[in-house]
Amino acid sequence: MTGILLLRALSVRNQRVWVVFLALMVGAAIVNALISVYFDIDIKMSRELRTFGANVYLGPAHGHSLPEADFDRLAAAAPPGLVAAGSPYLYGTARSELENVALAGVRFSALRALVPYWQVEGAWIGVDFDDRNAMIGRTLAARLNLAVGDSLSLIRDGRKKTLRIKGIIDAGDASDSLLFVGLELAQDWLDKPGTMSHALFSMMNRAGEVERFADELRAAHPDWAVRPIRKVSANEGDVLVKIQGLMGLVSIVILLLSTLCVNTSLTAIVSERQREFALQKALGAANGTIIRQVLLETLAISLAATVVGCLAGFVLAQVLGQTVFSASIGLRAWVLPITFALSLSVALAAAALPLRRIMYIQPASVLKGE
Amino acid sequence: MPEETRENPVAAIEARHLSRRFGSVAALDDASFAIARGEFVALMGASGSGKTTLMNLLTCLDTPSSGELRLNGVDAAGFDEEARREFRARHIGLVFQQFHLIPYLSALENVMLAQHYHSVTDEASARRALEDVGLAHRLDHLPSELSGGEQQRVCIARALVNEPPLLFADEPTGNLDAENEARVLDILRRLHGEGRTIVMVTHNPALGAYAQRIIRLQHGRIVP
Ligand SMILES: Nc1ncnc2c1ncn2[C@@H]1O[C@H](COP(=O)(O)OP(=O)(O)O)[C@@H](O)[C@H]1O
Ligand SMILES: [Mg+2]
């Protein structure tokens with residue numbers, strides 16, 4: 001009979017039941033999506049914020065240069081997955097056919113990851129060993145009156161090296177006055193083989209890992225100056241924490257709102273059905289029996305709403321992932337029990353007071369004739 | 001029934017100085033009477049005379065302010081809510097003026113609900129109860145698909161399905177036309193003939209004539 005009551009009661013679909021269903025469904029969907037993203041965001045946000053560019057500097061503690069090999073030593077010492085990109089930088093002055101220019105040797109392949117904010121007219125150079133092309137800062141290009149596709153020749157001791165301008169850089173910093181060439185070419189031309197002025201790295205900064213690694217390096221290599229480029233590194237962690245906090249807050253607010261909504265609807269449902277409950281009492285039903293019956297109905301609706309909500313939440317997580325992080329959000333199985341637990345808690349919390357009211361329904365006064 | 005006493009083995013209902021006050025209003029005032037087992041009694045009086053108040057006490061839906069009440073020999077005046085519920089489920093059949101069926105349950109399921117709260121459901125006997133009131137062809141209809149007379153007969157079947165010793169009907173034909181009224185009264189008379197104790201509230205003297213005896217109320221007091 002309990003089963004029949006449940007089925008029949010559920011087949012009466014009034015508007016309020018839909019409100020309960022929708023409130024729980026939307027709550028479950030958003031919470032499910034936010035939880036999925038929340039735990040993905042550590043990785044995804046870090047990757048996202050890293051596009052702000054290099055966040056670790058390696059330079060000589062004394063003097064003006066250090067061996068290029070130190071670049072690889074640092075990379076080798078890093079925990080796996082920490083270093084996303086890096087390049088040695090070698091600076092110097094070279095004569096061109098026009099005037100003296102400030103030269104920077106780099107590994108072109110890492111450049112996009114290190115300075116993603118550069119606006120480049122023409123094209124980036126993609127490979128490290130390219131010694132025919134160069135990229136040039138906007139200010140320097142203007143001074144030398146160079147456009148993309150033009151050539152510039154470096155001159156030294158009767159040697160001449162002609163470079164084609166492949167891209168003009170608008171960086172908004174000192175890079176705008178530099179001529180960027182491949183590292184090997186710069187080392188050769190400046191007569192500083194196997195040397196670099198400093199190196200820049202882009203590292204994943206999860207849970208202050210970069211800071212810790214930098215401390216280790218400073219202790220192990222007194223000849224190195226290792227600095228997180230704080231402006232980005234520290235903010236990165238801050239922003240992560242703030243965004244996660246915001247998502248937690250949004251989840252709590254959504255859960256509270258849906259509790260409120262379900263509570264209001266259930267209160268209305270109980271008062272609309274009070275004749276029914278009064279009759280059941282008159283027939284000899286105990287409070288507990290009726291409350292259990294209504295609780296069963298509520299749980300059935302909640303379960304259905306949560307199942308639909310989880311599906312919707314998975315889709316929502318993908319949309320969030322794609323639009324915000326350009327990545328798909330993995331489906332973690334353990335997000336489901338968390339969502340179900342939260343959703344059912346909401347339903348139970350919302351049902352507590354309305355169901356208590358059933359106890360106070362007096363059949364004599366509800367069913368009286370006339 | 002081990003609770004039964006031997007004092008007055010024939011009395012189904014015994015009231016002594018029974019009163020029910022709502023604040024300063026004495027809705028029932030010092031009522032004393034007895035109803036024997038197998039009796040068919042009509043409770044009559046003008047509107048507001050206390051008929052429903054008395055019925056609520058006799059059906060354990062309410063507790064008296066003072067006085068004694070024995071139902072089937074059991075002291076019912078001192079019942080707490082749980083004891084009243086238990087007694088209703090076991091010993092009392094209720095028929096209301098406004099039918100009061102569960103709207104989303106079929107006729108058969110409405111009858112089975114009373115079995116459910118009494119003990120266990122038994123579809124065959126629920127079916128029989130509906131057949132007894134002439135509704136064999138309406139078992140699977142929802143209340144909204146039944147006429148007023150048919151709904152009231154479902155209520156009677158529901159009140160009878162557990163075979164309670166006491167059957168109470170508060171204005172059972174108040175919302176019915178003459179034809180259905182006659183059918184319902186016929187059923188009540190038949191049940192009386194089968195030996196059931198029936199208390200029926202009515203303010204219609206023509207209906208009162210169907211009963212063996214009339215208890216009259218006026219301003220909350222029983223009058224001769
Ligand atoms: N719950 C209640 N609270 C206050 N007064 C009540 C209540 N129930 C009944 N009364 C009063 O008791 C008197 C008898 O009412 P009732 O038993 O319903 O009469 P009847 O059923 O004969 O029409 C009336 O004056 C009514 O106003
Ligand atoms: Mg009345």
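Here is how names work: the chains are called A, B, and so on, in the same order as the sequence lines, proteins then strands, and each is numbered from 1. Keep in mind that the numbers below use all heavy atoms, side chains included, and drop hydrogens, waters and symmetry copies.
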Using a 6.0 Å cut-off, check whether atom [atom1] of [X] has over 12 heavy atoms from anything other than its own residue.
X	atom1	value
B:R21	CZ	yes
B:R90	CZ	yes
B:H203	NE2	no

| field | Residue pair A:L5 / B:E109, side-chain heavy-atom distance below 4.5 Å | value | no
For chain A, which candidate among [options] shows the most heavy-atom pairs at distances under 4.5 Å?
options	answer
B:L94, B:L105, B:T53, B:N162	B:L105
B:H100, B:E86, B:H116	B:H100
B:L113, B:D62, B:T121	B:L113
B:R158, B:R88, B:E82, B:R85	B:R85

| field | Structural part of A:R8 lying under 4.5 Å from a heavy atom of chain B | value | both
| Tell me, which pairs form a ring pair (Phe, Tyr, Trp, His ring centres under 6.0 Å) where one or both residues lie in residues 262-286 of chain A, sequence neighbours left out? | none
| task | Could you tell me the separation between the CD atom of A:Q362 and the CD atom of B:E81, rounded to the nearest 0.5 Å? | result | 6.0 Å
| message | Could you measure the distance from the CG atom of B:N56 to the CG atom of A:L367? Nearest 0.5 Å is fine. | response | 9.0 Å
| What are the two closest non-hydrogen atoms of B:F96 and A:L279, and how far apart are they? | CE1-CD1, 3.7 Å
| task | Give the minimum heavy-atom separation between B:Y104 and A:R273, together with the two atoms involved. | result | OH-NH2, 3.0 Å
| What part of B:R84 lies closer than 4.5 angstrom to a heavy atom of chain A: side chain, backbone, both or neither? | neither
| Region of B:I92 in contact with chain A, defined by heavy-atom distances below 4.5 Å | neither
| query | Residue by residue, which of residues 280-288 of chain A have a heavy atom closer than 4.5 Å to a heavy atom belonging to chain B? | reply | A:Q280, A:K281, A:A282, A:L283, A:G284, A:A285, A:A286, A:N287
